[in-house]
Number of protein chains: 2
Amino acid sequence: MAKQKVSPVSVDGAGFLTHVAYDSVVFGFSEGQLKILLMEYHNTGLIALPGGFIRTDEDLDEAVRLGLEDRTGITNIYLEQFHTFGNKSRHKPEILQKILEANGIHAPKEHWMLQRFISVAYYALVDISTVSLQPDALSDSCTWYEINRLPKLILDHATVIEKALKTLRFNLDNKIKDSNLLPEKFTMKDLQKVYEAILGEELRRTSFQRKMLAGRILKRHDKLYSGEAHKAPFIYSFHK
Amino acid sequence: MAKQKVSPVSVDGAGFLTHVAYDSVVFGFSEGQLKILLMEYHNTGLIALPGGFIRTDEDLDEAVRLGLEDRTGITNIYLEQFHTFGNKSRHKPEILQKILEANGIHAPKEHWMLQRFISVAYYALVDISTVSLQPDALSDSCTWYEINRLPKLILDHATVIEKALKTLRFNLDNKIKDSNLLPEKFTMKDLQKVYEAILGEELRRTSFQRKMLAGRILKRHDKLYSGEAHKAPFIYSFHK
DNA sequence: CCAAAAGTGTTTTAGCTACACCCATGA
DNA sequence: TCATGGGTGTAGCTAAAACACTTTTGG
């Protein structure tokens with residue numbers, strides 16, 4: 001529930017849809033590892049998913065997209081809503097209070113940011129190499145963390161990530177071609193590494209190759225001569 | 001966006017999470033037809049999905065469950081959240097105004113119910129035969145409609161139903177055993193009829209039977225002697 | 001020529017379909 | 001014994017997995 005633009009903070013939340021927030025689980029892939037983007041708030045040690053609020057004149061999807069564009073510099077991010085979290089036990093005003101205090105903002109109890117939120121969660125699939133991270137006003141870092149070395153997170157953000165990953169695994173075959181996890185051109189081995197990182201298991205090389213080729217989503221280009229002493233692999237891109 | 005308890009309507013929405021609502025697509029099955037529960041508002045001719053608001057002391061899931069229990073009398077409803085709709089184009093205050101007016105409530109422009117809502121949508125699978133419908137305070141009917149004979153609906157409710165049905169079709173094999181679409185005990189033919197109504201296509205009898213038996217979700221009981229001149233079918237129930 | 005990694009041919013397996021046939025039932 | 005509908009055996013198809021083999025590459 002980090003937010004990107006809090007400078008003019010009104011107590012009643014004018015201009016924003018109160019009680020509604022979004023959180024985004026941004027997946028990236030580099031060095032053979034699946035990674036997630038997390039933010040750390042100034043002077044608090046608190047780490048959270050990047051998120052924000054919805055302005056009264058924005059579509060929900062649009063708000064999420066713009067919030068992410070601000071932080072990653074990427075336009076055209078692959079984004080998908082996967083769940084809305086609305087348990088009342090998520091309401092921990094002392095945490096948000098602490099974050100605001102650490103930034104010199106003394107919010108009264110009735111401040112809209114201290115009230116209970118329903119949070120709509122999205123996941124994104126981005127190419128880490130094209131991202132230049134921009135912490136927001138309340139945070140001093142915005143960093144990639146390996147999926148299996150996550151730090152302690154505020155609220156139920158660990159659960160949110162868990163569910164995002166589950167959804168991603170379930171839909172991977174359908175989503176991979178629209179994702180931005182890999183650069184435009186890649187080898188079959190690159191693609192297999194992405195699958196293995198996401199599914200958390202090793203796959204048979206030959207079965208994987210055949211399954212992918214049967215899917216008709218790959219376009220084959222020239223071979224890649226790496227200078228190494230073995231057959232050169234084909235380069236692929238996703239169709240259209 | 002019907003609501004179940006509006007008697008004490010405060011302008012600022014105290015006690016409710018403003019800007020958040022839920023809509024529920026309740027599927028039922030009878031007479032070989034898939035049906036959906038819809039409500040008609042007093043003196044307006046407006047027809048909508050049953051829905052409501054979330055109280056500040058309720059979980060989101062709990063609010064939806066209780067709202068449905070009020071209307072159908074069923075406890076233990078199978079409920080699943082499938083999408084959250086948040087386009088700003090959904091905001092049509094004149095419709096809600098009309099509904100309130102028709103009930104003698106003259107709400108000022110800044111009334112919370114006339115503001116923009118994010119709506120969390122759920123679908124439910126219930127056994128029509130155990131339901132006794134209860135219209136809420138703003139509605140004069142609460143009726144089952146055949147899925148392919150739906151009336152014109154307010155806002156984007158037709159889209160919501162479309163998406164609910166798509167989700168249900170996609171997950172049917174996984175959800176059927178927890179659904180309440182059929183009474184506890186049923187024949188293979190009954191089950192096939194449910195599948196056909198949901199998928200909107202006819203299925204081969206023998207293939208269907210084998211697929212279901214292979215799924216290990218059915219427990220076989222005695223035979224059902226209907227008094228008709230043919231082999232008596234087995235009775236089944238879902239495991240656990 | 002060798003080792004490493006890529007690509008492909010062949011066999012096996014599993015699930016589903018289609019068709020056939022037999023069985024139980026009450027008139 | 002007949003018509004009706006339910007259950008299951010068998011053969012065929014297709015997609016995926018498993019295994020083996022060949023090819024390409026630079027040292």
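Just so you know, these numbers come straight off a predicted model, no measurement behind them. Here is how names work: the chains are called A, B, and so on, in the same order as the sequence lines, proteins then strands, and each is numbered from 1. Below, each value reflects all heavy atoms present in this structure, side chains not excepted, and no hydrogens, waters or symmetry copies.
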**Request:** Please report the closest heavy-atom contact between B:L49 and B:S24, naming both atoms and the distance.
**Result:** CD2-O, 3.7 Å
**Request:** Start with the C-alpha gap between A:D23 and A:K163, add the side-chain angles, then the distance that decides, and say whether salt bridge (Lys or Arg N to Asp or Glu O under 4.0 Å) holds.
**Result:** CA-CA 12 Å; A:D23 286 306; A:K163 186 141 190 156; over 6 Å; no
**Request:** Using a heavy-atom cut-off of under 4.0 Å over every strand shown, decide if B:R205 touches base, sugar-phosphate, or nothing.
**Result:** base
**Prompt:** Just wondering, are more than 12 heavy atoms of other shown residues or ligands nearer than 6.0 Å to CZ in B:R204?
**Reply:** no
**Nearest-nucleotide pick for A:P233, side chain only, options being D:dG6, D:dA18, C:dA6** = C:dA6
**Message:** Measuring to OP1 and OP2 of D:dA18, would you say a side-chain N or O of A:R204 lies under 4.0 angstrom away?
**Reply:** yes
**Prompt:** Once you round it to whole Å, what is the distance between C1' of D:dG6 and NE2 of B:H221?
**Reply:** 18 Å
**Prompt:** Quick one: do the A:D127 and A:Y78 side chains pair a donor with an acceptor below 3.5 Å?
**Reply:** no
**Prompt:** Which nucleotide in the list D:dA18, D:dT8, C:dA24 gets nearest to the side chain of A:T206?
**Reply:** D:dA18
**Message:** Rounding to an integer number of Å, can you tell me how far B:Q209 CD sits from D:dG5 C1'?
**Reply:** 12 Å
**Item:** DNA chain C: 5'-proximal contact among A:R220 and B:E228 (nearest heavy atom)
**Value:** A:R220
**Message:** Below the 4.0 Å mark, does C:dA6 have OP1 or OP2 next to a side-chain nitrogen or oxygen of A:K189?
**Reply:** yes
**Message:** Could you tell me how far apart A:L213 (CG) and C:dG9 (C1') are, to the nearest whole angstrom?
**Reply:** 14 Å
**Request:** Starting at atom CZ of A:F208, determine the distance to atom C1' of C:dA5, rounded to an integer number of angstrom.
**Result:** 16 Å
**Item:** First of B:Y236 and B:H230 reached from the 5' end of DNA chain D, by closest nucleotide
**Value:** B:H230
**Request:** Take atom CG of A:D222 and atom P of D:dT24, then tell me their distance rounded to the nearest Å.
**Result:** 16 Å
**Message:** Which nucleotide wins on minimum distance to the side chain of A:S207, given the candidates D:dA17, D:dT25, C:dA18?
**Reply:** D:dA17
**Prompt:** How long is the gap from OH on A:Y236 to CG on A:L213, to the nearest 0.5 Å?
**Reply:** 5.0 Å
**Asked** Rounding to a whole Å, what distance do you find between B:K211:NZ and C:dA18:P?
**Response** 13 Å
**Prompt:** B:K231 has a side chain; which of D:dT10, D:dG5, C:dT10 sits nearest to it?
**Reply:** D:dG5
**Request:** Measure the distance from CZ on B:R210 to P on C:dT17 and round it to the nearest whole Å.
**Result:** 11 Å
**Asked** So what does A:T187 hit on the nucleic acid, given a heavy-atom distance under 4.0 Å: a base, only sugar-phosphate, or nothing?
**Response** nothing
**Item:** Euclidean distance, atom CE of residue B:M212 to atom P of D:dG6 [Å, nearest integer]
**Value:** 16 Å
